[in-house]
Amino acid sequence: MKIASWNVNSLNVRLPHLLQWLADAQPDVVALQETKLEDAKFPADALAAAGYRSVYSGQKTYNGVAILARDELRDVVTDIPGLDDPQRRILAATVGDVRVVDLYVVNGKAVGDEKYAYKLHWLERVHAFLEGELARHPKLVVLGDFNIAPDDRDVHDPVAWGEDILCSPPERAALKAITDLGLADSFRLFESAGEHYSWWDYRQAAFRRNMGLRIDLILISEALKAAAAAAAIDRTPRGWERPSDHTPVTLDLDL
DNA sequence: ATGGTAGAAAGTCTA
């Protein structure tokens, strides 16, 4: 099973990119973020024609998550206890015997901003939800745009970023609390070096200069670690015309 | 500290 995560930053704009990438990369499961589409406008037919079923939780203009899979998607969850949130950022579904949780983590804007407090609160509730998911589903994948660089290797210029948003110690502690549940950052099972990023700002020719962050993650439970065969960041779509600012990240599981 | 670019949508807001 090849599983992927991609923040497409408007599925309306990026549908051609997604279809091309599905054809090239042949993933079995794909978690999308920032679809920015109401459910009524989700391109389910175009994706079905490409061989993918889909479930989605979207809204107009902002946020929006979706999971695509070649096989049936069961037991869909869009809302979690203790988080009465109109922002569509969470989507869970089961494929085969693998539970998949797609997250579009709150950006937070700036340390100290009210959005930052919302981010930390949101992560706390998601942590509690994942604890339950892990108890129910030993084979758990939690993936998406985490909007947190796990450590300084994941930041092109750790001095400049310092303890700013996406890098601040409380955010990193919240992520560590999640991985400490028994969810490994799959990319780091295969690659320990820095300079591997999944997002580059549209400004300052950041992609060309590889001024990026690794904030798109695929976390896997202990029961899946032995099946992990390869992890990668596919930079190709970031180089296409009118790209998303994020590029797909992938994990191959021998299942 | 600010602004640079992109998307949605028609003002700004979000990232």
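Hydrogens, waters and symmetry mates are skipped; everything else that's a heavy atom, side chains included, is used.
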List every contact pair, protein side and nucleotides 11-15 of chain B side both N or O, where the distance is under 3.5 Å.
from   : atom 1 : to       : atom 2 : distance (Å)
B:dC13 : O2     : A:Tyr62  : OH     : 3.2
B:dT14 : OP2    : A:Lys115 : NZ     : 3.1
B:dA15 : OP1    : A:Arg89  : NH2    : 3.4

List the atom pairs, donor and acceptor, that lie under 3.5 Å between side-chain atoms in residues 90-99 of chain A and the rest of the protein, sequence neighbours left out.
from    : atom 1 : to       : atom 2 : distance (Å)
A:Thr94 : OG1    : A:Arg99  : NH1    : 2.8
A:Asp97 : OD2    : A:Lys139 : NZ     : 2.9
A:Arg99 : NE     : A:Glu133 : OE1    : 2.7
A:Arg99 : NH1    : A:Asp75  : O      : 2.7
A:Arg99 : NH2    : A:Asp75  : O      : 3.2
A:Arg99 : NH2    : A:Glu133 : OE1    : 3.4

- Query: Are A:Trp21 and A:Trp6 an aromatic pair by the rule of ring centers under 6.0 Å?
  - Reply: yes
- Message: Hydrophobic clustering (ILVMFWY, side-chain heavy atoms < 4.5 Å, transitive) - are A:Val30 and A:Leu73 grouped together?
- Response: no
- Message: Please tell me whether A:Asn9 and A:Lys36 have a donor and an acceptor in their side chains that are separated by less than 3.5 angstrom.
- Response: yes
- Between B:dG3 and B:dC13, how far apart are the P atoms? Round to whole Å, please. 15 Å
- Task: Would you kindly give the CD-to-C1' distance between A:Gln204 and B:dG3, to the nearest whole Å?
- Result: 8 Å
- Cluster overlap A:Ile220 with A:Ile233, hydrophobic side-chain contacts below 4.5 Å: yes
- Message: If I take atom CZ in residue A:Phe207 and atom C1' in nucleotide B:dG4, what distance separates them, rounded to the nearest angstrom?
- Response: 19 Å
- Task: Could you work out the separation of B:dG4 and B:dA15 based on their C1' atoms and round it to a whole Å?
- Result: 13 Å
- Item | Same-atom distance (C1') from B:dA10 to B:dT14, integer angstrom | 16 Å
- Check the angle between the aromatic planes of A:Trp199 and A:Trp161 and answer parallel, tilted or perpendicular using the 30° and 60° thresholds. perpendicular
- Query: Taking atom P in both B:dA9 and B:dT5, what distance in whole Å separates the two?
  - Reply: 22 Å
- For the pair made of NE2 in A:His17 and C1' in B:dA6, what is the distance, rounded to whole Å? 12 Å
